[in-house]
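Not measured: the values here are computed from a predicted model. Letters A, B, ... mirror the listed sequences (proteins, then strands); counts begin at 1.
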Protein chains: 2
Amino acid sequence: MGSDQLDAVFSALADPTRRAILARLSQGDAGVMELAEPFVISQPAVSKHLKVLEGAGLIRRERRGQARLSRLEPGPLGEAAAWMERYRAFWEASFDRLDALLDELRQADAESKGTIP
Amino acid sequence: MGSDQLDAVFSALADPTRRAILARLSQGDAGVMELAEPFVISQPAVSKHLKVLEGAGLIRRERRGQARLSRLEPGPLGEAAAWMERYRAFWEASFDRLDALLDELRQADAESKGTIP
DNA sequence: CTGATGCATAACCGAATGGTTATATAAAGC
DNA sequence: GCTTTATATAACCATTCGGTTATGCATCAG
């Protein structure tokens, strides 16, 4: 997966309106008007947000009568979570153990380079 | 946790340079010059990225001689991962569907050849 | 003290972002 | 066919972003 896909996913998630849209879609498909209802922004603004989400692969859209339903497409969320997974050990270490972990890694790195800082 | 904290974290992660900086810091603290070395951008650009990461709470910084070391602060990464966790069931289901689809295609291919491997 | 090193800050620039209003298109209802 | 409903698109605007160069400030080395 190209790094620019991660760019798009994290960038899409950076906006609270878009996160709220995803949360709404996790409860079922919805049209633009329905998605716009909880917010004070205009309909075109919501359409733009949907285009961003679609561009990041986070939703898929299809016509259904005169509506155009958005459906959650969670794959890219999994990819982003997988990227974060590399850091799980860091945030799960308790605060006092974190320093030890970093020292450990730092020392291992120094040894691999053959340098003594 | 305020939603603007998630905003800042996801927005910080949206840039590949900043993700690379975090990856580097996961191997130990580093100064600005050392962090800038792998990139073709200028030193002030790296300083700006570090300020963004610091604003998102993803790094902490302290003077060490004439250097100013950055240290990974993984807490907010955990918060962001926790937010994503709500969708885990969705993307795992999506992978299950993918497996089913692949099984289907494999079987169709085998039948078209009339062979059972 | 002087000079070099590491970093921050300011001023600037072009492109992207998030919003608006106004208008166009597509399907449904009468 | 005409109107309403749902959505997209265009044009515009202010702000933010990611980069630059130039410069200032601290700290170490001599």
Spacing between A:Leu13 atom CG and C:dT17 atom C1', to the nearest angstrom: 16 Å
task: Search all heavy atoms of A:Leu50 against all heavy atoms of A:Ile59 and return the closest pair with its distance.
output: O-CD1, 3.5 Å
message: Assigning hydrophobic clusters by single linkage (Ile, Leu, Val, Met, Phe, Trp, Tyr; side-chain heavy-atom cutoff under 4.5 Å), is A:Leu53 placed with B:Trp91?
response: yes
statement: A:Asp7 atom CG is separated from C:dA16 atom C1', nearest whole Å, by 13 Å
message: Holding to side-chain contact (heavy atoms from CB on, under 4.5 Å), I want the full list of residues that pass it with A:Ala45, two or more places apart in sequence or in another chain.
response: A:Ile41, A:Ser42
- request: Examine D:dG19: is either OP1 or OP2 under 4.0 Å from a nitrogen or oxygen in the side chain of B:Ser42? Give yes or no.
  value: no
query: Rounded to the Å, how far apart are A:Asp15 CG and D:dC17 P?
result: 12 Å
field: Check ion pair B:Glu85-B:Arg88 (N to O, under 4.0 angstrom)
entry: yes
- prompt: Can we say B:Glu62 and B:Arg60 salt-bridge, meaning some charged N sits less than 4.0 Å from an Asp/Glu carboxylate O?
  reply: yes
- request: Determine, for B:Asp29 against B:Arg64, whether the closest basic-nitrogen to carboxylate-oxygen distance falls under 4.0 angstrom.
  value: no
query: Taking the nucleotide of DNA chain C with the closest heavy atom to each, which residue, A:Arg64 or A:Val52, is nearer the 5' end?
result: A:Val52
field: Distance test, side-chain N/O of A:His49 to OP1/OP2 of C:dT17, below 4.0 Å
entry: no
field: Interatomic distance, A:Glu62 CD vs D:dA6 P [rounded to whole Å]
entry: 18 Å
- line: To the nearest angstrom, the CZ-C1' distance between B:Arg18 and D:dT16 comes to 12 Å
B:Arg61 and B:Glu54 ion-paired at < 4.0 Å: yes
Rounded interatomic separation in angstrom, taking CD1 from A:Ile21 and C1' from C:dG18: 12 Å
query: How close or far is atom P of C:dT17 from atom CD1 of A:Ile41, stated in whole angstroms?
result: 16 Å
- line: Going 5' to 3' through nucleotides 2-15 of chain C and flagging B where a protein heavy-atom sits under 4.0 Å of the base, S where only the sugar-phosphate is that close, and - otherwise, we get ---BSBBB-B----
Interatomic distance, A:Arg19 CZ vs C:dG18 P [rounded to whole Å]: 12 Å
